[in-house]
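Keep in mind that what you see is a predicted model, and the values were worked out from it rather than measured. All values below come from the heavy atoms of this structure, side chains included, with hydrogens, waters and symmetry mates left out.
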Amino acid sequence: MKPAAFDYVVPRTVGDAVEALGDTSRKAQVIAGGQSLILEMHLQRIRPELVVDINRIPELDRMIVEDDELRVGALIRHAAFESAEAVPGPLGTLLARAVVNIAHPPIRSRGTMVGSFAWAHPASEWCAIGVALDATVELIGPDGAREIPAGDYFQGPYRTSRQPQELITAVRLPLLGGNTGVGFIEQRRTHFCFAQVAVAAALTVHDGLISEARIGLVNSADRPVRARAAERSLTGIEIGRAQAGGYRLADDDPFARAGRIAAHEDAAPLAEPYGDVEYKQQAIAVLVARTLREAAADQQARDAAQRGDHR
């Protein structure tokens, strides 16, 4: 099957792109990487009358750190995050651990983080990280520029607060301090499948106690989820106690308890052909606990490195 006929424009500036999208007489789609859009167009599940290709707009192809935030332009590809050195500190580690789970190298060389935010698939790794870290989505349209917190941006599967005439220009993520450890773990049926469940976590520690936990759940509801109830259960927990023990956590372990809270209070999983609700709740509980263990180990390693302890 081939796409339905459409007009195609290649603006050279953000202003030109906004002008093209502002033509309300035609249904328009923006293309950057196009790794999801092109397939849907070929299947004619999406039939735009106008495709606006933003790949020739230089100002969208920038990634910078300013004011303790990472600003990711709309043309920055997934592959840009494969090295943990690409972004300073724990945030770079988190993005590097997550990005290898996104499809495979050819997709990562074309697809973009901002495109994932625009598409809003419930199984998107980037969207869950954005919600967990309180990312900010930058948009511009005929009425000017505005910003939306990631927690308010996602409205459901493929639904967001973006208006059809608006262009997402960037996503901003807060840099994480040196006393923060991060983790990311994903469960999927095969290497090329979407995540059945995945978890992103960041633990900030002061004086040996968890002062802040951030947990993002992938494919655990109709939109990315921040597991706030599970986060609250970890405040004040001694990091050493939380990460003690073997790979299988005891039921009274703080991370295991947080996993159960995330699965039954924060998440609202939907049944899928290869995983009913009960299965997904169990997977969420286990993956949250394991990801928190990974984040705790990362934090302890960073703390040891800062103290010069390389044992």
Q: Count the heavy atoms belonging to other residues, nucleotides or ligands that lie under 6.0 Å from OH of Tyr274, then report whether that count exceeds 12.
A: no
Q. If you count the non-hydrogen atoms of other residues, nucleotides and ligands that lie under 6.0 Å from CD in Gln165, is the total more than 12?
A. yes
(Q) With a 4.0 Å cut-off on N to O distance, would you call Arg214 and Glu212 a salt bridge? (A) yes
Q: Considering only NZ, NE, NH1 and NH2 on the basic side and carboxylate oxygens on the acidic side, decide whether Asp134 and Arg226 come within less than 4.0 Å.
A: yes
Can you tell me if [X] uses its side chain to pair, donor with acceptor, with the backbone of [Y] under 3.5 Å?
X      : Y      : answer
Glu49  : Lys27  : yes
Glu231 : Ile215 : yes
Glu294 : Phe184 : yes
Asn55  : Ala32  : yes
Arg56  : Arg12  : no
Asn101 : Ala195 : no
Thr93  : Ala84  : no
Gln155 : Asp152 : yes
Arg293 : Phe255 : no
Asn179 : Val205 : yes

Q: Check the side chains of Ser161 and Arg146 for a donor-acceptor pair under 3.5 angstrom, ignoring hydrogens and angles.
A: no
Q | Residue that, paired with Val10, satisfies side chain to side chain contact (heavy atoms under 4.5 Å, CB included) out of Ile57, Asp53, Ile54, Asp16 | A |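 With Val10 as partner, Ile57, Asp53, Ile54, Asp16 yield a single side chain to side chain contact (heavy atoms under 4.5 Å, CB included), made by Asp53.
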Q) So which heavy atom on Gly73 is nearest to which on Val114, and how close? A) O-CG2, 3.7 Å
Q: Search all heavy atoms of Val131 against all heavy atoms of Val225 and return the closest pair with its distance.
A: CG1-C, 4.1 Å
So do [Y] and [X] actually touch side chain to side chain, heavy atoms under 4.5 Å?
X      : Y      : value
Thr169 : Arg71  : yes
Leu91  : Leu175 : yes
Tyr153 : Val171 : no
Leu176 : Leu133 : yes
Ile148 : Glu166 : no
Arg223 : Pro122 : no

**Q.** Sole residue of Lys280, Arg189, Arg188 in salt bridge (Lys or Arg N to Asp or Glu O under 4.0 Å) with Glu272
**A.**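 Checked Lys280, Arg189, Arg188 against Glu272; only one passes salt bridge (Lys or Arg N to Asp or Glu O under 4.0 Å): Lys280.
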(Q) Parallel, tilted or perpendicular, judged at 30° and 60°: which one describes the rings of Trp119 and Tyr158? (A)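 Correct class here is perpendicular.
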Q: Look at the aromatic rings of His121 and Phe194 and report parallel, tilted or perpendicular, splitting at 30° and 60°.
A: parallel
Q. Run the salt bridge (charged side-chain N to carboxylate O under 4.0 Å, His left out) check on Arg97 and Asp298 step by step: do they pass?
A. CA-CA 12 Å; Arg97 290 182 182 180; Asp298 182 62; 3.6 Å; yes
